[in-house]
Undergrad: 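Got a structure for you, written out below as structure tokens; questions coming shortly.
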Amino acid sequence: MKTNRPLHFWLAAIAVASLLTYVLACSTAFSPDDRQLLYPSFDPQNGALSIALYDRSHDRSEQIFSSLGVHSDTNLHSACLRAEWFPDGRHILIAEASDEENVSLFVLSRGGKEPIRHLVNLKWDKALTALEFPFAIIGNHVFLNDEHRLIRVDWVTGALLINSNSIAALPANDGQTLIGWHELANDAAEFGVVDPQTLAFQAQLQMTNRLDSGVFPAFHPAQNEIMFVAGSETNQELQIERAGVKIFSRPINRPGCEVKIAGPWLEWGPGKDRVFTLYTSQMSQQTNYECGLLEIPLTGKPLRFTPLFHTGSDDLSMLAQPSLSHDGRIWAISSAWLAAKNRSALEPEDRALFLVQVDQDPPRLKKVPISIPAVTDEGLK
């Protein structure tokens with residue numbers, strides 16, 4: 001086992017440290033009933049990155065959390081944020097990394113009279129690692145990843161349990177299982193499950209270095225099945241293996257242009273008949289990249305591309321974290337992460353929360369505009 005490399009080795013594309021300094025409030029998150037959606041936005045008063053909540057029933061947004069990191073007369077650095085819903089739908093967890101070594105957790109109650117709980121300055125080897133991946137929450141326990149450690153935090157008492165054996169964890173769809181992985185030598189990894197009580201890891205499947213460096217595999221412990229992207233950036237292929245045997249493969253191509261999977265996550269569609277992810281595409285002689293939703297049918301149907309916005313770079317990776325609603329009908333992504341690095345990277349009409357209704361053909365698109373206050377002119381250049 002290597003100890004000199006981060007666990008998320010296949011996400012090498014996130015080595016854009018200058019971006020992560022500003023942006024990690026990059027994910028969207030649906031409430032358990034899919035009626036509300038957390039997404040990154042900007043505080044209208046000070047221009048800092050913030051967490052907003054979009055109410056789908058009333059078609060309106062509200063800012064629920066904002067945090068300023070380093071602040072000077074000429075520059076504004078937002079703290080890095082990530083927000084997720086608790087399974088009960090009544091609480092929201094927000095994690096903040098204001099520097100490289102400290103993580104703070106906030107638990108906000110929605111619709112109740114509970115106090116805001118604040119676990120301040122938890123020591124981290126690499127604080128940003130805690131915010132890169134979706135949080136696993138089981139009961140009173142939140143499971144967070146450090147560079148070489150898995151840390152369980154009791155959000156009521158503040159008690160910690162730590163596994164330092166280079167184990168990391170992600171939530172499973174059932175809300176009770178922890179998907180785990182363990183780094184091996186030569187860019188290989190074991191996938192399996194983590195015991196929520198002891199943090200012990202049980203391996204089920206081993207992967208070699210065939211993984212694309214910017215797309216995280218989707219592992220399903222019950223089926224011992226893994227879905228991943230193989231090949232190079234210009235020759236990608238979606239593959240699915242069950243118990244180590246390939247059961248599906250499909251090349252990612254688009255006539256007349258270069259295309260690649262650009263987001264870090266792969267999402268199963270309803271009935272596991274298709275896969276959702278983010279793509280970038282560029283026609284020859286063009287300088288900008290088209291970004292949008294890619295649907296990959298697991299049948300003979302053609303790939304379906306839904307364009308959303310344009311940008312000057314195809315290096316999105318960890319900065320592009322969409323989510324799929326629990327009923328599988330809505331796919332959502334916010335472009336705030338691009339505007340936070342460079343306001344001119346996006347046209348005003350492309351600064352938005354994008355909601356794609358994928359159960360329609362063609363998909364129906366809704367945009368919730370995201371404004372960047374003028375106060376950020378210096379801080380976000």
Side-chain angles (χ1 to χ4, degrees), residues 10-11 13-14 26-28 30 39 134 211-220 226-240 248-284 286 288-325 327-335 337-338 346 350 352-367:
W10 46 80
L11 296 174
I14 67 167
C26 48
S27 62
T28 56
F30 284 90
Y39 69 98
L211 303 174
D212 180 273
S213 63
V215 186
F216 195 86
F219 178 65
H220 298 266
I226 193 163
M227 173 171 58
F228 60 96
V229 175
S232 64
E233 287 189 355
T234 57
N235 187 28
Q236 292 180 323
E237 182 176 275
L238 178 71
Q239 295 186 11
I240 302 175
F248 178 85
S249 64
R250 181 163 189 173
I252 307 302
N253 49 43
R254 193 179 191 187
C257 61
E258 182 181 297
V259 64
K260 75 170 186 175
I261 293 177
W265 311 127
L266 301 167
E267 292 271 8
W268 290 103
K272 294 182 67 174
D273 64 339
R274 51 187 164 158
V275 174
F276 298 98
T277 189
L278 183 78
Y279 78 91
T280 60
S281 181
Q282 185 182 48
M283 299 286 291
S284 59
Q286 287 188 341
N288 277 354
Y289 291 85
E290 175 185 285
C291 303
L293 166 64
L294 170 59
E295 297 180 52
I296 309 171
L298 304 184
T299 63
K301 294 182 178 180
L303 303 178
R304 186 163 76 173
F305 297 87
T306 302
L308 299 178
F309 56 90
H310 292 81
T311 181
S313 172
D314 67 340
D315 189 15
L316 306 183
S317 189
M318 283 301 290
L319 300 182
Q321 297 200 9
S323 60
L324 183 67
S325 60
D327 62 11
R329 299 179 59 198
I330 305 293
W331 187 87
I333 190 170
S334 166
S335 63
W337 39 272
L338 271 176
L346 293 173
D350 287 338
L353 167 67
F354 298 88
L355 302 168
V356 186
Q357 189 165 343
V358 295
D359 60 348
Q360 295 190 354
D361 190 11
R364 189 172 68 181
L365 173 63
K366 179 177 181 59
K367 293 201 300 184

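Note that the structure is a prediction, hence the values are computed from the model and not measured.
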Undergrad: Report the distance from atom CD1 of I226 to atom CZ of F219, rounding to the nearest 0.5 Å.
TA: 6.5 Å
Undergrad: Counting only N and O atoms by type, is there a donor-acceptor contact under 3.5 Å from the side chain of R254 to the main-chain atoms of L303?
TA: no
Undergrad: Would you say R274's side chain and T299's backbone share a donor-acceptor pair under 3.5 angstrom?
TA: no
Undergrad: Check whether Q239 reaches the backbone of A230 with its side chain - one donor and one acceptor, N or O, closer than 3.5 Å.
TA: no
Undergrad: Does any part of the side chain of P322, heavy atoms only, come nearer than 4.5 Å to the side chain of E267, both counted from C-beta?
TA: no
Undergrad: Work out which heavy atom in S249 is nearest to a heavy atom in E237; give both atom names and the distance.
TA: CB-OE2, 3.5 Å
Undergrad: Is a side-chain donor or acceptor of S335 paired with a backbone partner of D350 at a separation under 3.5 angstrom?
TA: yes
Undergrad: To the nearest 0.5 Å, tell me how far F305 CZ sits from C257 SG.
TA: 7.0 Å
Undergrad: Distance from I240 atom CD1 to L298 atom CG, nearest 0.5 Å?
TA: 5.0 Å
Undergrad: For K301, is the NZ atom crowded, meaning more than 12 foreign heavy atoms sit under 6.0 Å from it?
TA: no
Undergrad: Can you find a pair of side-chain heavy atoms, one from V356 and one from L308, that are under 4.5 Å apart?
TA: yes
Undergrad: Any chance you could measure F30, atom CZ, to W331, atom CH2, to the nearest 0.5 Å?
TA: 10.5 Å
Undergrad: Taking all non-hydrogen atoms of both residues, which atom of P302 and which atom of P297 are closest, and how far apart?
TA: O-CG, 3.4 Å
Undergrad: Enter the distance from N288:CG to S281:OG here, rounded to the nearest 0.5 Å.
TA: 12.0 Å
Undergrad: Between the side chains of D359 and Q357, does any donor sit under 3.5 Å from an acceptor?
TA: yes
Undergrad: Looking at K367 and A352, what are the two nearest heavy atoms and their distance?
TA: CB-CB, 4.2 Å
Undergrad: Under the side chain to side chain contact (heavy atoms under 4.5 Å, CB included) rule, what do L238 and F248 come out as? Steps first, then yes or no, please.
TA: CA-CA 8 Å; L238 178 71; F248 178 85; 4.1 Å; yes
Undergrad: Going by atom types alone, do S323 and T28 pair a side-chain donor with an acceptor below 3.5 Å?
TA: yes
Undergrad: If you compare all heavy atoms of W265 against all heavy atoms of P134, which two are closest, and at what distance to 0.1 Å?
TA: CZ2-CD, 3.6 Å
Undergrad: Say you draw a straight line from OH of Y279 to CD1 of I261; how long is it, rounded to the nearest 0.5 Å?
TA: 12.5 Å
Undergrad: So among L266, I252, T277, which one has a side chain to side chain contact (heavy atoms under 4.5 Å, CB included) with V229?
TA: L266
Undergrad: Between T280 (side chain) and E290 (backbone), is there a donor-acceptor pair under 3.5 Å?
TA: no
